[in-house]
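Note that the numbering runs from 1 along the sequence shown for the chain.
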Amino acid sequence: MARRVVAGALATLNLCGLAGYLWLAAHLWLRPEEVAAGITPQSGDFLIRNLTTLPLWAFFVVLDTCWVIYELAPPPRWRKAGLVAAMLALWIVALLIDSTHY
């Protein structure tokens, strides 16, 4: 029972982290009117973007790595590993969404 609660809490935390990451990243995306005007990102924009979103992303990389180790430690719980894989896939989708807008 406790393992289900932990997995549910970590999945919920990941979903909140995904929403927070995309919310932070969306504030740094180029606006359509800037693109239409021919404004291109400057070299410092990449640094600002990474300093803003990287700490949140790094926190969840560490958290999810610990979660994978916990789920695959003997005896491995393969059903829960599927939930971890789903969260990983959602993070990859979020990074792809972010990279297409910048």
Side-chain angles (χ1 to χ4, degrees):
M1 181 68 176
R3 289 181 179 165
R4 285 186 182 182
V5 172
V6 168
L10 288 172
T12 302
L13 188 61
N14 264 279
L15 292 174
C16 291
L18 281 164
Y21 175 82
L22 288 174
W23 181 78
L24 281 173
H27 289 289
L28 301 171
W29 292 340
L30 290 175
R31 291 168 184 81
E33 57 270 8
E34 292 175 346
V35 174
I39 298 173
T40 58
Q42 303 300 315
S43 59
D45 293 344
F46 184 74
L47 179 66
I48 292 170
R49 175 178 169 243
N50 285 338
L51 287 176
T52 304
T53 58
L54 192 61
L56 182 65
W57 182 81
F59 170 77
F60 281 98
V61 166
V62 171
L63 180 72
D64 289 347
T65 301
C66 293
W67 190 12
V68 167
I69 291 168
Y70 172 75
E71 293 298 341
L72 296 181
R77 294 171 288 279
W78 294 106
R79 287 187 198 169
K80 297 293 190 276
L83 182 60
V84 175
M87 290 298 123
L88 174 63
L90 287 174
W91 274 104
I92 290 170
V93 168
L95 290 170
L96 289 173
I97 290 171
D98 184 28
S99 66
T100 59
H101 283 91
Y102 187 75

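Here the shortest heavy-atom pairing between Ala7 and Leu83 reads O-CD2, 4.0 Å.
Between Leu10 and Val84, the closest side-chain pair of non-hydrogen atoms is not below 4.5 Å. Considering only heavy atoms from C-beta on, Trp67 stays 4.5 Å or farther from Val6 through its side chain.
Residue pairs that meet the side-chain hydrogen bond (donor to acceptor under 3.5 Å, both in side chains) test with at least one member in residues 82-93, sequence neighbours left out, are Asn14-Trp91.
Residues Leu88 and Leu96 share a single hydrophobic cluster, defined by chaining ILVMFWY side chains whose heavy atoms lie under 4.5 Å apart. Residue Met87 is grouped with residue Trp57 when hydrophobic side chains (ILVMFWY) are merged at heavy-atom distances under 4.5 angstrom, including chains of intermediate members.
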Which donor-acceptor pairs under 3.5 Å do side chains of residues 17-28 form with protein atoms, sequence neighbours excluded?
unit_1: Tyr21; atom_1: OH; unit_2: Asp98; atom_2: OD2; d: 2.8
unit_1: Trp23; atom_1: NE1; unit_2: His27; atom_2: NE2; d: 3.4

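We find the CD1-CG distance between Ile69 and Asp64 to be 11.0 Å, quoted to the nearest 0.5 Å.
Of the listed residues (Val68, Leu63, Val61), just one forms a side-chain contact (heavy atoms from CB on, under 4.5 Å) with Thr65, and that residue is Val61.
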